[in-house]
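Right, one structure below, let's go through it.
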Amino acid sequence: MKSVVFENFGKIEVVNIEEPRPKEGFSIVRVIEATLNPIDIFTIMGKRDVKPIPHIPGVEIYGEVIEGTHKGKRVIVYPRLFCGNCEHCFSEREMLCTGEIFGVSTNGGFCEFCLVPEKNIFQIDSDISQELASSLPVGALTAYHALKNVNLGSRVAVIGATGNTGMFSVQIAKLKGAEVFAFSRRKADWLKELGADELIPFEQISRFKGYFDVVVDPLGEKTFEHSIKLLKKGGRFITFGVLTGRTVSFDIFELYSKELSILGATGGSRKEMIELISIARKLKVKVWRKFKLEEIHKAIESMNTKDGKIGIVM
Ligand SMILES: [Zn+2]
């Protein structure tokens, strides 16, 4: 089968390798579409604990089970690896269990067929588009987990709104009844169709000091200082990414005197995956471009200029 593989970090190739063999507790999924996410770039560059080497990257996938329990069904893969038998798993927080991720700590889905733990497989109705389905397990689930407790009527700022998690953060916040301000570097009118009430160029961020109940910022170091100032008293800052770096400094006095909260969110639980699938028909995805597996280098090169999601199709 065709597969993206790397042996040395940063040096991916598309090669022919043997197809995976059936294994107890696992299904074989024929990948139909995978989404290229920042986590895949971190994996390829060796910025995460990658196993095995040589490695097949690809965290977020949609496909059809050809061998295993859901044979013949269209499915998506919950990417968090978990034991099912610890305090985190019992309290519906599987994402905190091993901390490991399909496609990072195991081979992933930038290939024609992949081996997936059966407990990570979720069936998807065939009327959900493959573009959306292949954006649910990472982009949408992360946003859903981070924002499902947003209150009706609150004012939410989404920083980096055109990103894979950003576009779903806009939609989830809107579904929760929030007023949504989408901040991004490039003008992206399509965010209005996804539910953004206002589109704000990032350069104007300082106009909105003390204005928001919730600020979602997965960009990390470069935007943190500005983002935290957007919060009004009692506001919540939510992060689930470090795209521009991971070290920041901030004023502790600001934090306690305004009773701000800084919340970390990662992935989501299996229960949230089910909740998300149940509202999937209300969600949209903005596809920027699709690339064939053989064009993976081109796809990666365009990560910095993309305007919407990048799909990898087999
Ligand atoms: Zn566990």
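Since this is a predicted model, take the numbers as computed values, not measurements. Atom set for the values below is all heavy atoms of this structure, side chains included, hydrogens, waters and symmetry mates excluded.
Between atom CD of residue Gln123 and atom CZ of residue Arg74 there is a gap of 11.5 Å, rounded to the nearest 0.5 Å. Put simply, CZ on Phe110 and CG on Asp40 are 4.0 Å apart, with the number rounded to the nearest 0.5 Å. Distance CZ/Arg246 to NZ/Lys47: 9.5 Å, rounded to 0.5 Å. With values rounded to the nearest 0.5 angstrom, Lys229 atom NZ is found 9.0 Å from Asp251 atom CG. In this structure, Tyr211 OH and Phe181 CZ are separated by 4.0 Å, a value rounded to the nearest 0.5 Å. The OH atom of Tyr78 lies 10.5 Å from the CD1 atom of Ile274; values are rounded to the nearest 0.5 Å.
Contact detail for Ile300 and Ile44: the closest heavy-atom pair is CD1-CD1, 3.7 Å. Nearest approach of Pro79 to Asn120, heavy atoms of both residues: C-ND2, 4.3 Å. Scanning both residues, Gly109 and Ala34, for their nearest heavy atoms gives O-CB, 4.3 Å.
The closest side-chain heavy-atom distance from Ile159 to Leu230 is below 4.5 Å. Counting heavy atoms from C-beta outward, Ile101 and Leu81 have side chains that stay 4.5 Å or more apart. At least one side-chain heavy atom of Arg80 sits under 4.5 Å from a side-chain heavy atom of Thr266. Proximity of Lys187 to Leu199: side-chain heavy atoms (C-beta onward) are nowhere separated by under 4.5 Å. When side chains are defined from C-beta on, Phe291 does not count as touching Leu36, because their heavy atoms never get closer than 4.5 Å.
Residues meeting the side-chain contact (heavy atoms from CB on, under 4.5 Å) test with His145, sequence neighbours left out: Met95, Ala265, Glu272. Qualifying side-chain hydrogen bond (donor to acceptor under 3.5 Å, both in side chains) partners for Asp307, counting only residues two or more places apart in sequence or in other chains: Trp190. Lys222 pairs by the side-chain hydrogen bond (donor to acceptor under 3.5 Å, both in side chains) definition with nothing, not counting sequence neighbours. Remark: Glu254 pairs with Lys258 by the salt bridge (Lys or Arg N to Asp or Glu O under 4.0 Å) rule, at least two apart or across chains.
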| said: Assess the residue pair Leu136 and Tyr62 against the criterion (side-chain contact (heavy atoms from CB on, under 4.5 Å)); give the C-alpha distance rounded to whole Å, side-chain angles, the decisive distance to 0.1 Å, and a yes or no. | reply: CA-CA 9 Å; Leu136 293 176; Tyr62 165 75; over 6 Å; no
| field | Derivation and outcome, side-chain contact (heavy atoms from CB on, under 4.5 Å), residues Ile279 and Ile172 | value | CA-CA 10 Å; Ile279 61 162; Ile172 301 293; 4.2 Å; yes
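Residue Glu131 forms a salt bridge (Lys or Arg N to Asp or Glu O under 4.0 Å) with just one option from Lys309, Lys290, Lys284, and that option is Lys290.
Each salt bridge (Lys or Arg N to Asp or Glu O under 4.0 Å) pair with one or both residues in residues 165-175, not counting sequence neighbours, appears once here: Lys174-Asp197. Sorted by first and then second residue, the ring-ring contact (aromatic ring centres under 6.0 Å, His included) pairs with a member in residues 220-260 read Phe224-Phe237, Phe224-Phe250, Phe253-Tyr256; sequence neighbours excluded.
A donor and an acceptor atom, one from each side chain of Ser227 and Asp217, are located under 3.5 Å apart.
Under a cutoff of 6.0 Å and an axis angle of 45°, Arg48 and Phe42 form a cation-pi pair.
A distance-only check finds no donor-acceptor pair linking the side chain of Ser184 to the backbone of Ala161 [under 3.5 Å].
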